[in-house]
Amino acid sequence: MTRNTIKLHNSLTRQKEDFIPIDANHVKLYACGPTVYNYAHIGNARMAVVFDAWVRVLRHRYPKVTYVSNITDVDDKIMKAADETGVPISEITEKYTCIYNEDMATLNVNAPDIQPKATEHIGEMIALIETLITKDFAYEAEGHVLFNVPNNPAYGALSGRSRDEQIAGARVEVAPYKRDAADFVLWKPSTPDQVGWDSPFGFGRPGWHIECSAMAEKHLGLPFDIHGGGADLKFPHHENEIAQSCCANNKADDPAGFSRVWLHNGFVTVEGEKMSKSLGNFLTVHDAIKDHKGEVIRLTLLSAHYRQPLDWSEQALHQSEVLLDKLYKKLESMSELNANDAVVPDPILSALYDDLNTPLVIAELNKLVKQENSAALKSQLLSVGNLLGILQEDPANWFASDEDGVSDEDVKKIELLIAERMEAKDNKDFARSDKIRDELLAMGIEIKDTRDGTQWEKV
RNA sequence: GGCGCGGUGGCAGAGUGGUCAUGCAGGGGACUGCAACUCCCCGUACAGCGGUUCGAUUCCGCUCCGUGCCUCCA
């Protein structure tokens, strides 16, 4: 295939295929964002980083890309959090939306073009539900509105599950008002003291799945090119989105009538197990960025292929940190050179266009950094960095943080000691120079002698 | 039970029907007063068993192991 073709693994066809946009002048994608009732963990961050990288690659290839990623700000979990803390729902959702966006910015994740909130799209959801009722794909029962799965024979295309299989394996009790065990909620009733909206089906709130169907359609139109999210959303969430949107738009027999391509990222694991709140083995981004730079976390999240599981470990972080230091050091040594036109080296672009093969890109980056300094190399590194969302910082700034936590007073003292040591070295008084080095080490300062003089950093 | 995904050198992690991934860690060397930094060199990996093939880590089958979804979940 030509280097102009982006290949991607489509979960809907379970194959790697050439990406052919509906409109090459305007690519549209949607990815399910977080439910905001708590700090985002590394797993949430992986989704954001992966799709941010996809958007960067798509933008490199296509003139216009619209990326929509939602905020789910009405949900039973949020209501529970509000009950438990006594804090109003809106306060909780605003707080954690804000924290989420700040955390993602720290990871160099560009804000989506549109970040719709579920609570601002209730009207669209109600309209969608009414359409589904009219077309006999949904029905009202005891204040609920339910999607009738048996009326949609194409149901199960994404997850590869027939309705029967799903029932057989179901571990949940079937609510008595459901006509079919597989039916799922579009609207559920709220009590007067709960959050809710008036609707033709009574006072209530939307089900989770209908939110994304409504927001994706409103902001992108149907069908659009790519729908993404974590692998755990494939069933039931994405399956249900397809059912709702296709059935409401006369595409009941065409699962691709909603989104042409489905992309799913793998999980972050801890010691081989999925990172999740129920297992209690999760690490929040908020905490992670206390110990590691955002860019280090970002590169670590890109160090495995996006569909593979990624085991979170200090060793993985260390590896990313070492590489970034190496790259920034290289850039620093080329600070006098002017970067010219950005050209991404072929092997790297090919890797990126081949289903976002970021581990291969990292390998190529390791080779690239060994080349001799040149304006061309500098621009290559910077343009690759831009595609990956790294290396955009001023190198001096990157290394400056190594001095964090050292007071100005200490800096003076350190520099004085280093000068003294140089003097001792010049006089071949090595006993004294070693003593000074030990003294610095005792202060937590490590030194190294380079051609350009002695450098130090906090250990 | 149903539907998936994966098992690559100490670790992480790509990839391929027959020459190299790459990195981290480790070993050796150069440099250094000694270190650190930097640079150079090194390690004969593809779960097991069958099959296809001139040839399989790569294709097919089976077995074993791990893990995910089927319930809220990125």
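Chain A is the first sequence line, chain B the second, and so forth, proteins listed ahead of strands; every chain is numbered from 1.
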Practice task
Check each residue of residues 34-46 of chain A for a non-hydrogen atom within less than 4.0 Å of any atom in RNA chain B, then write out the ones that pass by number, or none.
Solution key: H41(A), G43(A), N44(A)

What N/O pairs connect the protein and nucleotides 42-47 of chain B at under 3.5 Å? Give each pair on its own line.
none

Problem - salt bridge (Lys or Arg N to Asp or Glu O under 4.0 Å) involving D287(A) - partner list, sequence neighbours excluded - result: K290(A)

Practice task
Could you note down all residue pairs passing salt bridge (Lys or Arg N to Asp or Glu O under 4.0 Å) where residues 41-56 of chain A supplies at least one of them, sequence neighbours left out?
Solution key: D52(A)-R56(A), D52(A)-R298(A)

So which protein nitrogen or oxygen atoms get under 3.5 Å of nucleotides 34-36 of chain B's nitrogens or oxygens?
from    : atom 1 : to      : atom 2 : distance (Å)
rC34(B) : O2     : R437(A) : NH2    : 2.8
rC34(B) : N3     : R437(A) : NH1    : 2.9
rC34(B) : N3     : R437(A) : NH2    : 3.3
rC34(B) : N4     : R437(A) : NH1    : 3.4
rA35(B) : N6     : D449(A) : OD2    : 2.7
rA35(B) : N3     : R437(A) : NH1    : 2.8
rA36(B) : N1     : D449(A) : O      : 2.8

Name each donor-acceptor pair under 3.5 Å that joins a side chain in residues 357-370 of chain A to protein atoms two or more places apart or in another chain, with its distance.
from    : atom 1 : to      : atom 2 : distance (Å)
N357(A) : OD1    : L360(A) : N      : 3.2
T358(A) : OG1    : L302(A) : O      : 2.6
N366(A) : ND2    : I362(A) : O      : 3.2

Practice task
Would you list the pairs meeting ring-ring contact (aromatic ring centres under 6.0 Å, His included) in which at least one residue belongs to residues 286-310 of chain A, sequence neighbours left out?
Solution key: Y39(A)-H286(A), W54(A)-Y306(A)

Handout entry: Pair listing, salt bridge (Lys or Arg N to Asp or Glu O under 4.0 Å) test, anchored in residues 144-157 of chain A, at least two apart
Key = none

Fill in the blank from the handout: The dot-bracket string of RNA chain B, counting Watson-Crick and G-U wobble pairs with both distances under 3.5 Å, using [ ] for crossing pairs and | for pairs to another strand, is (((((((..(((.....[...))).(((((.......)))))....(((((..]....))))))))))))....

Less than 3.5 Å apart, which donor and acceptor atoms pair up between the side chains of residues 87-99 of chain A and the rest of the protein, not counting sequence neighbours?
from   : atom 1 : to     : atom 2 : distance (Å)
T93(A) : OG1    : I89(A) : O      : 3.3
T93(A) : OG1    : S90(A) : O      : 3.1
T97(A) : OG1    : T93(A) : O      : 2.6

Handout entry: Residues forming a side chain to side chain donor-acceptor pair (under 3.5 Å) with S320(A), sequence neighbours excluded
Key = T300(A)

Problem - Sequence neighbours excluded, every pair satisfying salt bridge (Lys or Arg N to Asp or Glu O under 4.0 Å) that has a member inside residues 269-282 of chain A - result: D232(A)-K274(A)

Practice task
Look at the side chain of K77(A) and the base of rC72(B), then say whether one donor and one acceptor between them are separated by less than 3.5 Å.
Solution key: yes

